[in-house]
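Counting begins at 1 with the first residue of the sequence.
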Amino acid sequence: MPLALLALAVGAFGIGTTEFVMMGLLPDVADDLHISIPSAGHLVSAYALGVVIGAPLLAAATARVSRRKVLIGLMVLFVAGNVLSAFAPDYHWLLAARFLSGLPHGAFFGVGAVVATNLVAPERKARSVSLMFLGLTVANVVGVPVATLMGQHMGWRSTFLGVSVIGLLAVVSLALFVPRDGTHGPAAGLRGELAALRSLPVWLALGTTVAGFGALFAAYSYITPMLTDAAGYADSSVTLLLALFGVGATAGNLLGGRLADRSMRGTLFGGLVSLAAVLALFPVLMATAWSAALAVVLLGTAAFVTSSPLLLMVMEKASSAPSLASSANQAAFNLANAGGAWIGGLALAAGLGVTSPAVVGAGLAVLGLGVAGVAYVVDKRGPVPAGGRERVVASHVPEHAESVHH
């Protein structure tokens, strides 16, 4: 695999660390800035809002720019957002800095996925994407726990300075290893990029992402009370158990990349079925300590098996605008984060039990399976009659964005 994939993974590691570390630093930030925990929680929402807004806009606005330059520029913006977070004088400045930090997130993964797939043979596209996302999953195993400990012992501002250093390493790596040739976006520009999103198959693929990962976050957002109240773990053990989730996510990501190169839809369907089954079994698995730990690993594995095939399916269905489509998939992922947490919270608020968010998540996984099934039927339907938009848009396949056969 090319060294450029390592450079992309370094950037993904920094992004994954800064995205999830705020959850562990909320009490420290709240105490230092003299705000409430709920107000500090808005810092998580600000980052997610930046991802949702920045992903499609930055990808579309930079459609004519060399993808190498875009990746470097996005990481520079990422570094700037984290430096500003470290030196924010008050809550409102920190809120703005967190929003700024989130802006390049989706576009980086979107453009990076296109570059990654262009660096390898067609039969290795899914694995190249999974290796880029390896940085994101490893961040949950190593980056987030280390950054949290750093923030707790050296002050939360040191965490964002540390993440800024990772971002600078990513900038240097991208400049050194991402090739200058063959990384330009399509000549269609902004209008052509936006036109590609008019395809029904693209929206079905994005809908599968929202439902599938909404299932994950419906449960994962409330995994701590499940582990402490249902499985009987002490609060001090939760950090280690969340690292186990990262181990499962890393394994699932790599497994999904290998399987998707053989059968993209088969891997997607299998992953969603596995996710629904694991979530449905959560009330049973959370009854004992050892089975609860197993459930956390299985949750990460089943959810992230679907990450590569979902991204590649979106890129395939919008092959004339793969950067924008894959960036939009990152926005859909963050919508799933917010929506899944909200739906899981409704189940808790209704008094259905501490493991009820997982059962609701199983329902969302089944919904995602249904949307994926509809997408399969639409795809098998063949070309749309004259005047239809779906296949007209998707038929302009540039050589550098050749679709993955399945």
Side-chain angles (χ1 to χ4, degrees), residues 1-22 47 50-51 53-55 57-88 94 96-120 128-140 142-144 146-147 150-151 157-185 323-324 326-327 330:
M1 285 290 178
L3 285 174
L5 291 178
L6 176 61
L8 292 170
V10 172
F13 179 81
I15 289 175
T17 301
T18 203
E19 178 182 19
F20 294 109
V21 76
M22 181 57 74
Y47 184 93
V51 177
I53 293 177
L57 289 183
L58 291 178
T62 58
R64 291 179 177 270
V65 183
S66 160
R67 290 188 175 121
R68 177 177 178 273
K69 292 181 179 178
V70 171
L71 288 170
I72 293 173
L74 291 171
M75 285 311 301
V76 169
L77 181 60
F78 171 80
V79 171
N82 281 279
V83 170
L84 290 173
S85 296
F87 292 101
L94 181 57
R98 287 292 291 171
F99 175 80
L100 180 65
S101 299
L103 285 176
H105 176 129
F108 179 86
F109 282 110
V111 177
V114 177
V115 171
T117 55
N118 290 342
L119 291 169
V120 298
S128 71
V129 170
S130 70
L131 287 175
M132 179 186 70
F133 277 103
L134 186 63
L136 183 65
T137 55
V138 170
N140 283 283
V142 180
V144 174
V146 171
M150 181 187 298
R157 297 178 188 274
S158 66
T159 295
F160 294 108
L161 288 177
V163 171
S164 300
V165 173
I166 298 173
L168 290 174
L169 289 175
V171 169
V172 174
S173 300
L174 292 167
L176 289 175
F177 299 130
V178 174
R180 296 177 182 273
D181 299 328
T183 60
H184 286 275
S323 296
L324 178 58
S326 51
S327 298
Q330 291 300 308

- Sequence-distant partners of F133, ring-ring contact (aromatic ring centres under 6.0 Å, His included), two or more places apart: F109

Rounded to the nearest 0.5 Å, how far apart are [atom1] of [X] and [atom2] of [Y]?
| X | Y | atom1 | atom2 | result |
| --- | --- | --- | --- | --- |
| N82 | T159 | CG | OG1 | 10.0 Å |
| F160 | M22 | CZ | CE | 3.5 Å |
| E19 | Y47 | CD | OH | 5.0 Å |
| L71 | L8 | CG | CG | 6.0 Å |
| R67 | T62 | CZ | OG1 | 9.0 Å |
| F13 | M132 | CZ | CE | 16.0 Å |

Enumerate donor-acceptor pairs with a distance under 3.5 Å from any side-chain N or O in residues 166-178 to protein atoms, sequence neighbours excluded.
residue	atom	partner	partner atom	Å
S173	OG	L169	O	2.8

Provide the closest heavy-atom pair for [X] versus [Y] in the form atom of the first, atom of the second, distance.
| X | Y | value |
| --- | --- | --- |
| A55 | G106 | CB-CA, 3.8 Å |
| S101 | G81 | OG-C, 3.1 Å |
| L74 | P104 | O-CB, 3.4 Å |
| L119 | A4 | CD1-CB, 3.5 Å |
| A147 | V21 | CB-CG2, 3.6 Å |
| R157 | F87 | NH1-C, 3.7 Å |

[X] side chain to [Y] backbone, donor-acceptor under 3.5 Å:
| X | Y | result |
| --- | --- | --- |
| T17 | A139 | no |
| T18 | I15 | no |
| S327 | A59 | no |

- What residue among M75, R68, K69 forms side chain to side chain contact (heavy atoms under 4.5 Å, CB included) with I72? R68

- Query: Between H105 and F78, does the ring centroid distance fall short of 6.0 Å?
  - Reply: no

